[in-house]
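Taking it in order: structure first as structure tokens, then the write-up.
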Amino acid sequence: MANNWWEIQVLCDPALEDLVFLRVETFGCRGTASEMKGHSCLISAYLPQEQAHLLDLAALSLLFRQDALCVNLPIPAVQWNLIEEEDWSSSWKQHWHPEEIGDRFVVNPAWLPIPETDRLVLQLDPGVAFGTGAHPTTQLCLEALEMRLGYEETHATIADIGCGSGILSIGAILLGAKQVYAVDIDPLAVKSTRRNRELNQIDESLLQAQLGSIEMIKQLSPEPVDGIVCNILAEVIIDLIPQMDAISKPSTWGIISGVLLDQAKPVADTLEQYGWVVATLWRRKDWCCFTIRRN
Ligand SMILES: C[S@@+](CC[C@H](N)C(=O)[O-])C[C@H]1O[C@@H](n2cnc3c(N)ncnc32)[C@H](O)[C@@H]1O
């Protein structure tokens with residue numbers, strides 16, 4: 001049977017973009033992209049057909065409407081189409097362009113020529129996994145890695161928990177990390193990380209990607225790691241913090257994102273409760289990123 005996909009398109013005020021992203025991700029969409037259309041933002045999101053009925057899509061549209069009304073913005077225009085597998089990959093790809101992130105990176109879609117640049121080129125085919133470089137939390141994490149590894153520390157061993165496309169793991173290796181252990185509970189993310197590792201010609205021994213979560217890092221890494229990067233949602237992070245001790249040493253640092261601003265306090269409280277100090281808190285749009293170290 002052909003695998004068809006729903007293409008959900010939301011044309012909204014740019015101020016609503018983050019909320020729409022959050023809604024489509026929570027809904028289970030696997031590929032998302034956004035672009036400006038005049039003064040509006042067009043968000044396209046993709047979901048396997050069998051994962052949603054028409055009624056679910058109608059309910060999702062109502063949520064967009066509700067969100068807009070709550071913050072006093074125009075109601076977004078929503079449409080959905082059923083598209084075939086081949087059309088999905090090509091229609092999704094056309095949304096992606098090379099994107100400069102921080103001072104050091106350019107994220108280049110793997111199907112485009114490699115750009116001439118002094119920056120580190122992060123070749124990426126995100127497939128259906130999260131992590132294209134377009135999301136503020138991914139950008140904040142890459143920028144924090146750049147500050148940590150680019151100027152202060154190389155040869156670090158790093159755990160990437162919730163690796164998605166592998167973008168942060170690959171970024172860390174390009175910046176000189178010695179060894180990265182990448183884990184994700186989604187088998188498609190692990191597959192995507194391995195594919196992107198190959199695209200960036202990184203040896204498997206430098207970047208190991210496995211299905212699982214923090215407990216898998218313990219199995220992969222013979223020693224506690226130097227750094228932890230973790231870009232997942234706040235409630236998952238709060239559950240993971242107590243387990244971070246098992247892979248850390250006194251000098252271990254962390255880069256934690258995926259946290260909406262209004263969820264920053266419970267995350268910070270939990271970090272402090274488990275012996276971590278919040279060194280900085282970076283913000284982009286409605287999201288934030290913590291850099292942390294041991295107490
Ligand atoms: C927001 S994406 C981040 C992807 C990528 N690291 C980035 O920064 O763009 C979060 C990823 O975490 C994974 N995830 C969710 N809960 C998890 C858990 N408890 N342990 C490990 N991975 C998890 C999801 O499958 C998803 O791929």
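Read the numbers this way: they start at 1 and go in the same order the structure lists the ligands and their atoms.
Listed by chain and residue number, Val106, Asn108, Thr117, Val121 satisfy the side chain to side chain contact (heavy atoms under 4.5 Å, CB included) test with Pro115 (two or more places apart in sequence, or in another chain).
Considering both main-chain and side-chain atoms, Thr138 comes within under 3.5 Å of ligand 1 through a nitrogen or oxygen pair. Residue contacts with ligand 1: Asp186 is placed with no nitrogen or oxygen under 3.5 Å of a nitrogen or oxygen of the ligand (distance criterion only). Some N or O of Gly162 is nearer than 3.5 Å to an N or O of ligand 1, by distance alone. The distance criterion of under 3.5 Å between nitrogen or oxygen atoms is not met by Ser165 with respect to ligand 1.
Side chain of Ser44 to backbone of Ala33: no donor-acceptor contact under 3.5 angstrom is found.
Only side-chain heavy atoms of Val236 come within less than 4.0 Å of ligand 1; its backbone N, CA, C and O stay farther off. In Leu168, the part holding a heavy atom less than 4.0 Å from any atom of ligand 1 is the side chain.
Counting only N and O atoms by type, the side chains of Asn196 and Ser165 include no donor and acceptor under 3.5 Å apart. Using modelled atom types and a 3.5 Å distance limit, the side chains of Glu223 and Thr157 yield no donor-acceptor pair.
Between Asp160, Ile161, Asp184, Ile237, it is Asp184 that holds the heavy atom closest to atom 27 (O) of ligand 1.
Residue pairs meeting the salt bridge (Lys or Arg N to Asp or Glu O under 4.0 Å) criterion with at least one member in residues 161-179: none, sequence neighbours excluded.
Residue contact annotation: Cys163 has a non-hydrogen atom under 4.0 Å from ligand 1.
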Inset, instruction - Show your working on salt bridge (Lys or Arg N to Asp or Glu O under 4.0 Å) between Asp18 and Arg284 and close with a plain yes or no. - result: CA-CA 10 Å; Asp18 273 348; Arg284 182 150 312 151; over 6 Å; no

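A salt bridge links Lys249 and Asp226; the closest N-O separation between the charged side-chain nitrogens and carboxylate oxygens is under 4.0 Å.
Contact atoms of ligand 1 toward Gly164: 4 (C), 27 (O) (distance under 4.0 Å to a heavy atom of the residue). Taking every heavy atom of Ile167 and a limit of under 4.0 angstrom, the matching atoms of ligand 1 come to 7 (C), 9 (O).
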